Novice: 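Structure incoming, see below.
Just so you know, these numbers come straight off a predicted model, no measurement behind them. Just so it is clear: chains get the letters A, B, ... in the order the sequence lines come, proteins before strands, and each one is counted from 1.
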Protein chains: 2
Amino acid sequence: MHFDPRGPSKYVQFADFLRQQIESGELAPGALLPSESALMQRYEVSRPMARKAVAILRNEGLVTTEQGVGTKVRELPAERQPLFLEADAEAVARMPSEHERVELELDYGVPVIEVHIDGEIHLHSADEVVLRAAAPARATKTATRRARKA
Amino acid sequence: MHFDPRGPSKYVQFADFLRQQIESGELAPGALLPSESALMQRYEVSRPMARKAVAILRNEGLVTTEQGVGTKVRELPAERQPLFLEADAEAVARMPSEHERVELELDYGVPVIEVHIDGEIHLHSADEVVLRAAAPARATKTATRRARKA
DNA sequence: CCGGATTTGTACGTATGTATT
DNA sequence: GAATACATACGTACAAATCCG
């Protein structure tokens, strides 16, 4: 690993390097990244730089880290739950506040989807659902499903 | 500002304190936050703690910071562009990679919406659009709009 | 259950660089 | 050019959570 002094900052380059290993599958979903000390030694970076690079990937939702354990490549649910958007509903995506993130038990780097319908607002974890247009109303109307709590 | 030693970490508490000032309107959209040195002096926090607290708000999409200028409360577009979801389309939300973020000129803490349709993928800045179900196909089919490049 | 090793988290300090005003 | 403001980069020390023998 060699850092280009003319390129972007060191931790961005380092994050790019690690991201590439994830996207290439070299670091598979569920796999543990090298520890901070390992990264420091192997690539000759300081601890702050190793941590900043990992933080970037965390904010991108690519990895999660647990104290005392390490940083793992995040595995997204194979099957996303379809979230049907009714004709009179609207949906926006945004990042949760820290409070919401803890409340909904979300990893860092996971947006929320805010569905507005009938004056109510429903929050969903963005990486568990896929939005689809609801079929136009017929005899019976299928109820929209709430995101399940873990 | 007093920090509870039994509570969450100092920078989380400090971020909560600043977030409250934003949500209460005390710090209005467009307003400049106190500079790092000002925060350090007024609230007796170290520079790393002031920076970490602001970083949290940045990752939540609440503020943006420019080097040499300062950190401002982000003002979201009053009018979001409606993004109509066709019956055969799907949409998911996620955080952009650093490369995508720069490419799309997004602030930190702004998710992207990925619309899958006809085997193509279209990316949209999550804070410029609101998703709606497209009206069922009639005589003429309204074309989906692409996100405009700035 | 306990102790030790490992791993990440928190908190502070310093110095220098870069962009803006 | 000077002052201000954020960014980068390195260092230290200790705390907290987890894991393992």
Side-chain angles (χ1 to χ4, degrees), chain A residues 1-18 27 30-60 62-74 98 101-102 105 107-109, chain B residues 1-18 27 30-60 62-74 98 101-102 105 107-109:
Chain A
M1 179 62 193
H2 130 277
F3 295 101
D4 184 354
R6 298 159 316 181
S9 51
K10 201 170 181 178
Y11 61 83
V12 169
Q13 289 185 53
F14 195 34
D16 288 344
F17 171 73
L18 294 173
L27 284 170
L32 214 53
L33 266 67
S35 73
E36 291 175 0
S37 354
L39 292 175
M40 290 169 67
Q41 289 171 14
R42 281 188 219 168
Y43 304 109
E44 292 182 319
V45 297
S46 66
R47 184 136 114 99
M49 291 303 100
R51 287 180 63 78
K52 278 209 82 156
V54 171
I56 288 179
L57 304 182
R58 202 164 36 230
N59 287 330
E60 290 176 1
L62 284 182
V63 302
T64 48
T65 117
E66 285 172 84
Q67 186 172 0
V69 181
T71 299
K72 291 196 183 88
V73 179
R74 250 163 60 79
E98 258 298 296
R101 194 187 67 74
V102 173
E105 296 179 321
D107 286 333
Y108 284 102
Chain B
M1 179 61 191
H2 129 277
F3 295 101
D4 183 353
R6 300 158 315 179
S9 50
K10 202 169 178 177
Y11 61 84
V12 169
Q13 289 185 52
F14 195 34
D16 288 344
F17 171 74
L18 294 173
L27 284 170
L32 214 52
L33 265 67
S35 73
E36 290 176 0
S37 351
L39 292 175
M40 289 168 67
Q41 289 172 15
R42 281 189 218 169
Y43 304 109
E44 293 182 317
V45 296
S46 68
R47 192 134 117 86
M49 291 303 100
R51 286 179 63 78
K52 280 208 81 160
V54 171
I56 288 179
L57 303 182
R58 202 164 36 232
N59 288 330
E60 290 176 3
L62 284 182
V63 302
T64 48
T65 117
E66 287 172 83
Q67 187 172 358
V69 180
T71 299
K72 290 197 185 88
V73 179
R74 250 162 60 79
E98 257 299 296
R101 195 187 66 74
V102 173
E105 296 179 320
D107 286 332
Y108 284 102

Novice: Of all the choices, D/dA7, C/dA11, C/dG13, which nucleotide is nearest to the side chain of B/P48 once you look at every atom?
Specialist: C/dG13
Novice: Which atom pair, heavy atoms only, marks the closest approach of B/H2 to B/Q13?
Specialist: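 That would be O-OE1, 4.3 Å.
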Novice: Without decimals, in angstroms, what is the distance between A/F14 CZ and D/dC10 C1'?
Specialist: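 From A/F14 CZ to D/dC10 C1': 15 Å.
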Novice: Measure the distance from CE on A/M40 to P on C/dT6 and round it to the nearest whole Å.
Specialist: 15 Å
Novice: Just how far is it from atom CE of B/M40 to atom OG of B/S35, taken to the nearest 0.5 Å?
Specialist: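 Nearest 0.5 Å value for the CE-OG distance: 9.5 Å.
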Novice: For the residue pair A/F14 and A/M49, what are the closest heavy atoms and their distance?
Specialist: CD2-O, 4.2 Å
Novice: For C/dT6, take OP1 and OP2 only and decide whether either is under 4.0 Å from a side-chain N or O of A/S35.
Specialist: no
Novice: Respond yes when some side-chain nitrogen or oxygen of A/K10 is under 4.0 Å from OP1 or OP2 of D/dC10, and no when none is.
Specialist: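 Answer yes for this pair, as a side-chain N or O of A/K10 is under 4.0 Å from OP1 or OP2.
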Novice: Rounded to whole angstrom units, what separation is found between the NZ atom of B/K52 and the C1' atom of C/dT8?
Specialist: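 After rounding, the reported distance stands at 11 Å.
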Novice: Can you give me the closest heavy-atom contact between A/L33 and A/K72, atom names plus distance?
Specialist: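 Looking at all heavy atoms of both residues, the closest pair is CD1-C, 4.4 Å.
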Novice: Please give, in whole Å, the distance from C/dG9 P to B/Q13 CD?
Specialist: 18 Å
Novice: Return the value, rounded to whole Å, for the distance between atom CD of A/E36 and atom P of D/dG11.
Specialist: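 That distance rounds to 14 Å.
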Novice: Working note: B/E60 + B/L57, criterion side-chain contact (heavy atoms from CB on, under 4.5 Å); need CA distance, chi angles, decisive distance, verdict.
Specialist: CA-CA 5 Å; B/E60 290 176 3; B/L57 303 182; 4.1 Å; yes
Novice: Using a cut-off of less than 4.0 Å, is there contact between a side-chain N or O of A/R51 and OP1 or OP2 of C/dG9?
Specialist: yes
Novice: Please report the distance, rounded to the nearest Å, between CE in A/M49 and C1' in D/dG11.
Specialist: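 Spelled out: CE on A/M49 to C1' on D/dG11 is 11 Å.
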Novice: N/O contacts under 3.5 Å, protein versus nucleotides 15-21 of chain D?
Specialist:
from	atom 1	to	atom 2	distance (Å)
D/dA16	N3	A/Q67	NE2	2.9

Novice: Atom CG of B/L33 and atom C1' of D/dT4: how far apart are they, to the nearest Å?
Specialist: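 Distance, rounded to whole Å: 16 Å.
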Novice: Under a 4.5 Å cut-off applied to non-hydrogen side-chain atoms, are B/Y108 and A/N59 in contact?
Specialist: no
Novice: Taking OP1 and OP2 of C/dG9, is either one under 4.0 Å from a side-chain nitrogen or oxygen of A/T65?
Specialist: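 Answer yes for this pair, as a side-chain N or O of A/T65 is under 4.0 Å from OP1 or OP2.
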Novice: Which whole-number value in Å describes the distance from B/E98 CD to D/dA7 P?
Specialist: 13 Å
Novice: Quick one: does B/L62's side chain get under 4.5 Å of B/L18's, heavy atoms only?
Specialist: no
Novice: Looking at A/S46, I'd like to know whether one of its side-chain N or O atoms comes within less than 4.0 Å of OP1 or OP2 on D/dA9.
Specialist: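 It does not, given that no N or O in the side chain of A/S46 lies less than 4.0 Å from OP1 or OP2 of D/dA9.
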